[in-house]
Amino acid sequence: MALALQTFSTVKDANAALQAAGTRYLGGGTLVVRAANEGDVSVSSLVRATEPALSTIAVAGDRARLGASITMAAIARHPELAWLAPAARAVGGPAIRNMASVGGNLFAPAPYGDFAVALLALDATVITEDGEAPIETFLAGRDTSRSIVTSVTFALPRPQSFRFLKVSRVKPKGVSVLSIAALLQRTEDGTITSARIAFGCMADRPMRARATEKALLGCRLTPEEIAPALAAANQGIAPITDPVASAWYRAEVLPVHLGRLLLA
Amino acid sequence: MAKVPVRFTLNGSEKAEFIESGATLLHALRDKIGDTSPKGGCHQGTCGACSVIIDGELRLSCLTLAETCDGADIRTISGLAAGGVLHPLQRAFLDAFATQCGFCTPGMIMAAKVLLDRTPNPSRDEVVEALSGNICRCTGYEPIIQAVLTAARANSQNAA
(Lines give C-alpha, C1' and ligand atoms only; values in the text may rest on other atoms or scores of the structure.)
Protein backbone atom coordinates (compact mmCIF):
# COMPACT_ATOMS: atom_id res chain seq x y z
CA MET A 1 0.00 0.00 0.00
CA ALA A 2 1.47 3.32 -1.06
CA LEU A 3 1.25 6.29 1.28
CA ALA A 4 1.61 9.98 0.72
CA LEU A 5 4.77 11.30 2.35
CA GLN A 6 5.17 14.93 3.28
CA THR A 7 8.65 16.21 4.11
CA PHE A 8 9.16 19.34 6.20
CA SER A 9 12.34 21.21 7.00
CA THR A 10 11.17 22.04 10.52
CA VAL A 11 9.70 19.93 13.29
CA LYS A 12 7.12 22.62 13.95
CA ASP A 13 5.63 22.32 10.46
CA ALA A 14 5.79 18.52 10.55
CA ASN A 15 4.07 18.53 13.92
CA ALA A 16 1.23 20.63 12.54
CA ALA A 17 0.76 18.20 9.65
CA LEU A 18 0.86 15.26 12.05
CA GLN A 19 -2.36 16.38 13.67
CA ALA A 20 -4.40 15.26 10.63
CA ALA A 21 -6.27 11.99 11.06
CA GLY A 22 -4.52 8.91 9.70
CA THR A 23 -1.13 10.60 9.72
CA ARG A 24 1.94 8.97 11.28
CA TYR A 25 5.46 10.23 11.73
CA LEU A 26 8.17 8.55 9.66
CA GLY A 27 11.42 8.10 11.56
CA GLY A 28 13.59 5.22 10.45
CA GLY A 29 10.63 3.39 8.96
CA THR A 30 11.08 0.12 10.82
CA LEU A 31 7.75 0.48 12.60
CA VAL A 32 5.50 2.60 10.42
CA VAL A 33 6.48 1.28 6.98
CA ARG A 34 6.33 -2.21 8.38
CA ALA A 35 2.81 -1.50 9.62
CA ALA A 36 1.80 -0.15 6.22
CA ASN A 37 3.29 -3.18 4.47
CA GLU A 38 1.33 -5.38 6.84
CA GLY A 39 -1.90 -3.69 5.75
CA ASP A 40 -2.53 -1.25 8.58
CA VAL A 41 -5.22 0.85 6.95
CA SER A 42 -5.23 3.33 9.82
CA VAL A 43 -2.11 4.87 8.23
CA SER A 44 -2.98 6.98 5.22
CA SER A 45 -0.17 9.48 5.13
CA LEU A 46 3.27 10.03 6.61
CA VAL A 47 5.19 13.10 7.61
CA ARG A 48 8.85 13.53 8.37
CA ALA A 49 11.14 16.36 9.37
CA THR A 50 14.69 16.95 8.21
CA GLU A 51 15.73 19.50 10.85
CA PRO A 52 19.47 18.94 11.47
CA ALA A 53 19.09 18.90 15.28
CA LEU A 54 17.16 15.64 14.95
CA SER A 55 20.33 13.96 13.71
CA THR A 56 22.77 15.25 16.29
CA ILE A 57 24.50 13.52 19.19
CA ALA A 58 25.83 15.92 21.82
CA VAL A 59 27.88 14.71 24.77
CA ALA A 60 28.94 17.64 26.93
CA GLY A 61 29.68 17.98 30.61
CA ASP A 62 27.73 15.37 32.49
CA ARG A 63 24.86 15.02 30.02
CA ALA A 64 24.16 13.48 26.64
CA ARG A 65 21.56 14.50 24.12
CA LEU A 66 20.48 12.16 21.35
CA GLY A 67 18.45 13.58 18.47
CA ALA A 68 15.37 11.53 17.76
CA SER A 69 16.54 10.54 14.26
CA ILE A 70 19.85 9.19 15.51
CA THR A 71 20.17 5.54 14.55
CA MET A 72 21.23 2.62 16.70
CA ALA A 73 24.28 2.22 14.45
CA ALA A 74 25.36 5.81 15.10
CA ILE A 75 25.11 5.30 18.85
CA ALA A 76 26.98 2.00 18.68
CA ARG A 77 29.97 3.62 16.96
CA HIS A 78 30.05 6.87 18.97
CA PRO A 79 33.29 6.89 21.00
CA GLU A 80 31.80 8.66 24.02
CA LEU A 81 28.82 6.31 24.20
CA ALA A 82 30.73 3.02 24.22
CA TRP A 83 29.11 2.10 27.54
CA LEU A 84 25.69 2.39 25.83
CA ALA A 85 26.68 0.50 22.68
CA PRO A 86 25.49 -2.92 23.96
CA ALA A 87 21.94 -1.57 24.18
CA ALA A 88 22.12 -0.06 20.69
CA ARG A 89 23.60 -3.26 19.24
CA ALA A 90 20.76 -5.26 20.78
CA VAL A 91 18.35 -3.76 18.27
CA GLY A 92 18.02 -5.95 15.16
CA GLY A 93 20.68 -6.85 12.63
CA PRO A 94 23.02 -4.37 10.90
CA ALA A 95 20.46 -3.12 8.37
CA ILE A 96 17.85 -2.49 11.03
CA ARG A 97 20.41 -0.69 13.20
CA ASN A 98 21.19 1.60 10.26
CA MET A 99 17.51 2.61 10.17
CA ALA A 100 15.99 2.24 13.65
CA SER A 101 15.95 5.56 15.46
CA VAL A 102 16.03 6.69 19.07
CA GLY A 103 12.62 8.32 18.73
CA GLY A 104 11.05 5.30 17.09
CA ASN A 105 12.37 2.93 19.72
CA LEU A 106 10.35 4.80 22.34
CA PHE A 107 7.19 3.70 20.53
CA ALA A 108 8.23 0.11 19.78
CA PRO A 109 5.89 -2.41 21.43
CA ALA A 110 7.31 -5.43 23.23
CA PRO A 111 9.20 -7.58 22.30
CA TYR A 112 10.91 -4.64 20.59
CA GLY A 113 12.14 -1.41 22.14
CA ASP A 114 15.26 -2.72 23.88
CA PHE A 115 16.97 0.66 23.65
CA ALA A 116 14.05 2.34 25.40
CA VAL A 117 14.63 -0.08 28.29
CA ALA A 118 18.13 1.34 28.60
CA LEU A 119 16.81 4.91 28.45
CA LEU A 120 14.30 4.11 31.20
CA ALA A 121 17.05 2.85 33.49
CA LEU A 122 19.00 6.03 32.71
CA ASP A 123 16.04 8.18 33.78
CA ALA A 124 16.06 9.96 30.44
CA THR A 125 14.03 13.03 29.68
CA VAL A 126 12.02 12.90 26.46
CA ILE A 127 11.76 16.19 24.62
CA THR A 128 8.87 16.72 22.24
CA GLU A 129 7.54 19.67 20.32
CA ASP A 130 5.19 20.20 23.28
CA GLY A 131 7.84 20.17 26.02
CA GLU A 132 9.74 17.76 28.26
CA ALA A 133 8.63 14.70 30.17
CA PRO A 134 10.35 12.03 32.27
CA ILE A 135 10.62 8.90 30.17
CA GLU A 136 8.36 6.95 32.49
CA THR A 137 5.58 9.50 32.01
CA PHE A 138 6.19 9.59 28.29
CA LEU A 139 6.04 5.81 27.92
CA ALA A 140 2.81 5.63 29.87
CA GLY A 141 1.12 8.05 27.49
CA ARG A 142 2.82 7.17 24.24
CA ASP A 143 -0.25 5.58 22.63
CA THR A 144 -2.08 8.90 22.54
CA SER A 145 0.93 11.17 21.98
CA ARG A 146 0.60 13.35 18.87
CA SER A 147 3.72 15.40 19.37
CA ILE A 148 6.97 14.66 17.55
CA VAL A 149 9.84 13.54 19.75
CA THR A 150 12.85 15.71 18.99
CA SER A 151 15.46 14.28 21.37
CA VAL A 152 16.19 12.48 24.61
CA THR A 153 18.65 13.64 27.24
CA PHE A 154 20.14 11.89 30.24
CA ALA A 155 22.90 12.28 32.77
CA LEU A 156 26.04 10.35 31.91
CA PRO A 157 26.39 7.50 34.39
CA ARG A 158 29.50 6.95 36.47
CA PRO A 159 31.91 4.42 34.93
CA GLN A 160 30.80 0.80 35.41
CA SER A 161 27.46 1.85 36.90
CA PHE A 162 25.32 0.97 33.85
CA ARG A 163 24.61 -2.59 32.81
CA PHE A 164 22.48 -4.00 30.00
CA LEU A 165 21.44 -7.49 29.02
CA LYS A 166 19.25 -8.76 26.21
CA VAL A 167 18.22 -12.40 26.19
CA SER A 168 17.22 -13.98 22.90
CA ARG A 169 17.02 -17.51 21.57
CA VAL A 170 18.62 -16.79 18.20
CA LYS A 171 22.23 -15.59 18.44
CA PRO A 172 23.62 -13.09 17.82
CA LYS A 173 20.41 -11.41 16.70
CA GLY A 174 16.95 -12.42 17.72
CA VAL A 175 13.77 -11.08 19.18
CA SER A 176 13.95 -10.46 22.91
CA VAL A 177 12.87 -13.03 25.43
CA LEU A 178 13.57 -10.19 27.82
CA SER A 179 15.92 -7.30 28.34
CA ILE A 180 17.21 -5.71 31.51
CA ALA A 181 18.99 -2.42 32.12
CA ALA A 182 20.41 -1.42 35.47
CA LEU A 183 21.91 1.77 36.82
CA LEU A 184 23.57 1.15 40.17
CA GLN A 185 25.33 3.63 42.43
CA ARG A 186 27.64 1.98 44.95
CA THR A 187 29.95 3.03 47.73
CA GLU A 188 33.62 2.07 47.70
CA ASP A 189 32.90 -1.15 49.57
CA GLY A 190 30.29 -2.05 46.93
CA THR A 191 27.14 -1.26 48.89
CA ILE A 192 24.31 -0.17 46.63
CA THR A 193 23.02 3.29 47.48
CA SER A 194 20.78 3.81 44.47
CA ALA A 195 19.28 1.45 41.91
CA ARG A 196 17.20 1.98 38.78
CA ILE A 197 16.24 -1.28 37.08
CA ALA A 198 14.17 -1.49 33.89
CA PHE A 199 12.69 -4.57 32.24
CA GLY A 200 11.70 -5.17 28.63
CA CYS A 201 9.03 -7.73 27.63
CA MET A 202 7.66 -7.80 31.18
CA ALA A 203 4.77 -5.57 30.07
CA ASP A 204 3.64 -4.16 26.75
CA ARG A 205 6.31 -1.48 27.14
CA PRO A 206 9.46 -0.96 29.21
CA MET A 207 8.75 -0.91 32.94
CA ARG A 208 10.55 -0.11 36.19
CA ALA A 209 11.33 -2.96 38.60
CA ARG A 210 10.52 -1.05 41.74
CA ALA A 211 10.42 -3.96 44.17
CA THR A 212 13.81 -5.14 42.97
CA GLU A 213 15.23 -1.63 43.18
CA LYS A 214 14.06 -1.31 46.78
CA ALA A 215 15.40 -4.73 47.75
CA LEU A 216 18.83 -3.92 46.32
CA LEU A 217 19.40 -0.88 48.52
CA GLY A 218 22.09 -1.58 51.09
CA CYS A 219 23.17 -4.81 49.37
CA ARG A 220 26.48 -5.73 47.89
CA LEU A 221 26.56 -7.73 44.69
CA THR A 222 26.92 -11.20 46.16
CA PRO A 223 24.56 -14.14 45.53
CA GLU A 224 23.40 -14.10 49.14
CA GLU A 225 22.71 -10.39 49.39
CA ILE A 226 20.88 -10.00 46.08
CA ALA A 227 18.65 -13.04 46.66
CA PRO A 228 15.74 -10.96 48.04
CA ALA A 229 15.98 -8.63 45.05
CA LEU A 230 15.77 -11.58 42.66
CA ALA A 231 12.82 -12.96 44.58
CA ALA A 232 11.09 -9.61 44.17
CA ALA A 233 11.72 -9.42 40.41
CA ASN A 234 8.35 -10.89 39.49
CA GLN A 235 6.36 -8.34 41.47
CA GLY A 236 4.19 -6.16 39.27
CA ILE A 237 5.16 -7.76 35.98
CA ALA A 238 2.77 -8.85 33.22
CA PRO A 239 5.04 -10.51 30.66
CA ILE A 240 3.97 -10.75 27.04
CA THR A 241 3.34 -14.02 25.25
CA ASP A 242 4.50 -14.29 21.66
CA PRO A 243 6.00 -16.95 19.36
CA VAL A 244 9.39 -16.49 21.04
CA ALA A 245 8.32 -17.19 24.61
CA SER A 246 5.27 -17.48 26.81
CA ALA A 247 4.54 -15.17 29.70
CA TRP A 248 5.17 -18.09 32.05
CA TYR A 249 8.61 -18.75 30.56
CA ARG A 250 9.60 -15.09 30.65
CA ALA A 251 8.60 -14.83 34.31
CA GLU A 252 10.50 -18.02 35.18
CA VAL A 253 13.78 -16.97 33.60
CA LEU A 254 13.68 -13.29 34.62
CA PRO A 255 15.27 -13.77 38.06
CA VAL A 256 17.95 -16.01 36.57
CA HIS A 257 19.06 -13.43 34.02
CA LEU A 258 18.72 -10.56 36.49
CA GLY A 259 21.05 -12.44 38.80
CA ARG A 260 23.56 -13.00 36.01
CA LEU A 261 23.50 -9.31 35.10
CA LEU A 262 23.98 -8.16 38.68
CA LEU A 263 26.76 -10.64 39.43
CA ALA A 264 28.60 -10.18 36.12
CA MET B 1 -1.68 8.60 -5.79
CA ALA B 2 0.55 11.64 -6.36
CA LYS B 3 3.85 10.99 -8.04
CA VAL B 4 7.08 12.64 -6.99
CA PRO B 5 10.34 13.03 -8.89
CA VAL B 6 13.23 11.07 -7.44
CA ARG B 7 16.83 11.11 -8.66
CA PHE B 8 19.50 8.74 -7.45
CA THR B 9 22.46 6.77 -8.64
CA LEU B 10 21.86 3.05 -9.08
CA ASN B 11 24.99 0.97 -9.48
CA GLY B 12 26.78 3.96 -10.97
CA SER B 13 24.03 5.00 -13.37
CA GLU B 14 21.91 8.12 -12.92
CA LYS B 15 18.21 7.41 -12.51
CA ALA B 16 15.39 9.95 -12.59
CA GLU B 17 11.89 8.61 -12.10
CA PHE B 18 8.45 9.72 -11.07
CA ILE B 19 7.49 7.47 -8.19
CA GLU B 20 4.26 7.14 -6.24
CA SER B 21 4.58 9.05 -2.99
CA GLY B 22 5.07 6.58 -0.17
CA ALA B 23 6.24 3.73 -2.40
CA THR B 24 9.05 1.63 -1.00
CA LEU B 25 12.47 1.54 -2.59
CA LEU B 26 11.98 -2.19 -3.14
CA HIS B 27 8.86 -1.49 -5.17
CA ALA B 28 10.59 1.27 -7.12
CA LEU B 29 13.61 -0.85 -7.94
CA ARG B 30 11.74 -3.97 -8.93
CA ASP B 31 8.53 -2.67 -10.53
CA LYS B 32 9.52 0.74 -11.81
CA ILE B 33 13.17 0.49 -12.72
CA GLY B 34 13.35 -3.22 -13.42
CA ASP B 35 16.18 -4.17 -11.09
CA THR B 36 14.71 -7.35 -9.62
CA SER B 37 17.85 -8.38 -7.77
CA PRO B 38 16.60 -7.23 -4.33
CA LYS B 39 14.03 -9.82 -3.28
CA GLY B 40 10.78 -9.12 -1.49
CA GLY B 41 10.62 -11.64 1.33
CA CYS B 42 8.84 -10.69 4.51
CA HIS B 43 8.28 -6.96 3.87
CA GLN B 44 8.66 -6.64 7.65
CA GLY B 45 12.40 -6.04 8.02
CA THR B 46 12.98 -9.53 9.32
CA CYS B 47 14.45 -11.61 6.47
CA GLY B 48 17.03 -9.29 4.90
CA ALA B 49 16.33 -10.54 1.34
CA CYS B 50 15.77 -6.97 0.12
CA SER B 51 19.02 -5.59 1.57
CA VAL B 52 20.75 -2.95 -0.53
CA ILE B 53 23.56 -0.51 0.15
CA ILE B 54 22.53 3.14 0.38
CA ASP B 55 25.33 5.68 0.70
CA GLY B 56 27.62 2.94 1.97
CA GLU B 57 25.23 1.60 4.61
CA LEU B 58 23.24 -1.60 4.56
CA ARG B 59 19.53 -0.83 4.47
CA LEU B 60 16.30 -2.71 3.93
CA SER B 61 14.63 -1.58 0.73
CA CYS B 62 11.26 -2.92 1.86
CA LEU B 63 11.19 -0.45 4.76
CA THR B 64 12.82 2.49 2.95
CA LEU B 65 10.59 4.90 1.08
CA ALA B 66 11.93 5.64 -2.38
CA GLU B 67 11.53 9.40 -2.14
CA THR B 68 13.76 9.51 0.94
CA CYS B 69 16.56 8.27 -1.34
CA ASP B 70 16.65 11.39 -3.48
CA GLY B 71 20.30 12.10 -4.25
CA ALA B 72 21.50 8.82 -2.77
CA ASP B 73 24.00 6.31 -4.09
CA ILE B 74 22.28 2.92 -4.22
CA ARG B 75 24.03 -0.37 -4.83
CA THR B 76 22.32 -3.68 -5.56
CA ILE B 77 23.81 -7.03 -6.36
CA SER B 78 23.01 -6.58 -10.05
CA GLY B 79 25.80 -4.02 -10.18
CA LEU B 80 28.39 -6.13 -8.43
CA ALA B 81 29.90 -8.12 -11.29
CA ALA B 82 32.27 -6.04 -13.40
CA GLY B 83 32.79 -6.65 -17.11
CA GLY B 84 31.14 -10.05 -16.91
CA VAL B 85 33.44 -11.18 -14.13
CA LEU B 86 31.75 -12.18 -10.89
CA HIS B 87 32.63 -10.29 -7.72
CA PRO B 88 34.79 -12.43 -5.37
CA LEU B 89 31.83 -12.76 -3.02
CA GLN B 90 29.62 -14.07 -5.81
CA ARG B 91 32.33 -16.52 -6.89
CA ALA B 92 32.86 -17.69 -3.32
CA PHE B 93 29.13 -18.26 -2.78
CA LEU B 94 29.06 -20.46 -5.88
CA ASP B 95 32.23 -22.34 -5.00
CA ALA B 96 31.24 -22.92 -1.37
CA PHE B 97 27.72 -24.16 -2.26
CA ALA B 98 26.36 -21.26 -0.26
CA THR B 99 23.53 -20.77 -2.70
CA GLN B 100 20.65 -23.17 -2.88
CA CYS B 101 17.31 -21.66 -3.88
CA GLY B 102 19.17 -18.36 -4.12
CA PHE B 103 16.39 -16.16 -2.80
CA CYS B 104 18.38 -14.89 0.18
CA THR B 105 21.65 -14.61 -1.74
CA PRO B 106 21.39 -10.98 -2.96
CA GLY B 107 20.77 -9.71 0.56
CA MET B 108 23.42 -11.96 2.05
CA ILE B 109 26.04 -10.79 -0.42
CA MET B 110 25.21 -7.11 0.03
CA ALA B 111 25.48 -7.53 3.81
CA ALA B 112 28.80 -9.32 3.34
CA LYS B 113 30.03 -6.62 0.96
CA VAL B 114 29.50 -3.88 3.54
CA LEU B 115 31.41 -5.98 6.04
CA LEU B 116 34.37 -6.62 3.74
CA ASP B 117 34.48 -3.01 2.57
CA ARG B 118 35.01 -1.94 6.19
CA THR B 119 36.72 -5.01 7.61
CA PRO B 120 38.73 -6.77 4.89
CA ASN B 121 39.86 -9.58 7.20
CA PRO B 122 36.90 -10.30 9.45
CA SER B 123 36.77 -12.92 12.14
CA ARG B 124 34.16 -15.63 11.98
CA ASP B 125 32.20 -13.86 14.71
CA GLU B 126 32.24 -10.64 12.72
CA VAL B 127 30.86 -12.48 9.68
CA VAL B 128 28.12 -14.04 11.79
CA GLU B 129 27.23 -10.63 13.20
CA ALA B 130 27.21 -9.01 9.76
CA LEU B 131 24.82 -11.64 8.40
CA SER B 132 22.62 -11.74 11.49
CA GLY B 133 19.82 -9.79 9.82
CA ASN B 134 19.60 -12.17 6.87
CA ILE B 135 17.63 -15.39 6.96
CA CYS B 136 18.32 -18.47 4.82
CA ARG B 137 15.98 -21.47 4.93
CA CYS B 138 17.95 -23.72 2.54
CA THR B 139 21.65 -24.02 3.13
CA GLY B 140 22.05 -23.55 6.82
CA TYR B 141 24.45 -20.77 7.54
CA GLU B 142 27.80 -22.52 7.63
CA PRO B 143 28.42 -22.58 3.85
CA ILE B 144 27.49 -18.90 3.69
CA ILE B 145 29.86 -17.99 6.50
CA GLN B 146 32.62 -20.01 4.87
CA ALA B 147 31.99 -18.30 1.54
CA VAL B 148 32.42 -14.85 3.08
CA LEU B 149 35.60 -15.92 4.86
CA THR B 150 36.89 -17.42 1.60
CA ALA B 151 36.18 -14.18 -0.27
CA ALA B 152 37.98 -12.23 2.44
CA ARG B 153 41.02 -14.49 2.17
CA ALA B 154 41.02 -14.15 -1.62
CA ASN B 155 40.87 -10.38 -1.28
CA SER B 156 43.78 -10.29 1.16
CA GLN B 157 45.86 -12.58 -1.08
CA ASN B 158 45.16 -10.37 -4.08
CA ALA B 159 46.15 -7.31 -2.08
CA ALA B 160 49.40 -8.90 -0.84
Side-chain angles (χ1 to χ4, degrees), chain A residues 1-7 22-40 43-50 69 71-74 76-77 85-86 89-101 104 108 111-112 166 168 170-175 243-244, chain B residues 1-4 6 19-28 31-32 38 40-70 107-108 110-115 118 125-135 141:
Chain A
M1 176 183 172
L3 304 164
L5 172 65
Q6 301 174 78
T7 301
T23 304
R24 296 268 298 271
Y25 186 76
L26 175 70
T30 60
L31 294 175
V32 72
V33 179
R34 173 183 175 151
N37 287 347
E38 207 167 32
D40 183 349
V43 188
S44 56
S45 64
L46 301 172
V47 300
R48 68 171 180 150
T50 55
S69 298
T71 63
M72 297 299 115
R77 63 175 173 253
R89 281 198 296 266
V91 177
I96 288 286
R97 291 198 293 274
N98 285 333
M99 302 172 71
S101 65
Y112 309 109
K166 172 179 171 176
S168 62
V170 178
K171 302 292 174 31
K173 176 244 178 196
V175 174
V244 172
Chain B
M1 186 62 67
K3 293 196 174 184
V4 291
V6 180
I19 291 172
E20 285 184 353
S21 181
T24 64
L25 178 62
L26 177 66
H27 170 78
D31 301 331
K32 186 77 177 175
C42 67
H43 298 271
Q44 300 293 295
T46 301
C47 75
C50 67
S51 300
V52 299
I53 301 173
I54 302 176
D55 292 333
E57 289 197 330
L58 193 68
R59 297 272 296 270
L60 298 167
S61 59
C62 77
L63 297 182
T64 301
L65 298 190
E67 61 203 278
T68 65
C69 298
D70 196 46
M108 289 279 185
M110 298 316 279
K113 183 175 187 309
V114 170
L115 171 69
R118 295 178 180 175
D125 285 348
E126 287 173 320
V127 174
V128 171
E129 169 61 32
L131 299 178
S132 62
N134 296 72
I135 292 174
Y141 295 92

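Throughout, a chain's letter reflects where its sequence line sits, starting with A, and its residues are numbered from 1.
Across all their heavy atoms, B/V128 and A/P172 have their closest contact at CG1-CD, 3.5 Å. Of all the heavy atoms in A/P94 and B/G133, the pair that sits closest is CD-N, 4.1 Å.
Counting heavy-atom pairs closer than 4.5 Å to chain A, the top residue among B/V114, B/L131, B/L60 is B/L60. Of all the listed residues (A/V33, A/V32, A/L46), the one sharing the greatest number of non-hydrogen pairs under 4.5 Å with chain B is A/V33. For chain B, the option among A/K171, A/M99, A/Q6 with the highest count of heavy-atom pairs below 4.5 Å is A/M99. Residue with the most contacts toward chain B among A/R34, A/R89, A/K173: A/R34 (heavy-atom pairs, distance under 4.5 Å). Among B/G48, B/C42, B/A130, B/S51, the residue making the largest number of heavy-atom pairs under 4.5 Å with chain A is B/A130.
Using a 4.5 Å cut-off on side-chain heavy atoms (C-beta onward), B/L63 and A/N37 make contact. A/L26 is listed as a side-chain neighbour of B/T68, based on a closest heavy-atom distance under 4.5 Å.
The OG1 atom of A/T30 sits 11.0 Å away from the CD atom of B/Q44 when rounded to the nearest 0.5 Å.
In this structure, the side chain of A/N98 does not engage the main chain of B/E57 through any donor-acceptor pair within 3.5 Å.
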When you look at A/I96 and B/T46, which way does the side-chain contact (heavy atoms from CB on, under 4.5 Å) test go after all the steps?
CA-CA 9 Å; A/I96 288 286; B/T46 301; over 6 Å; no
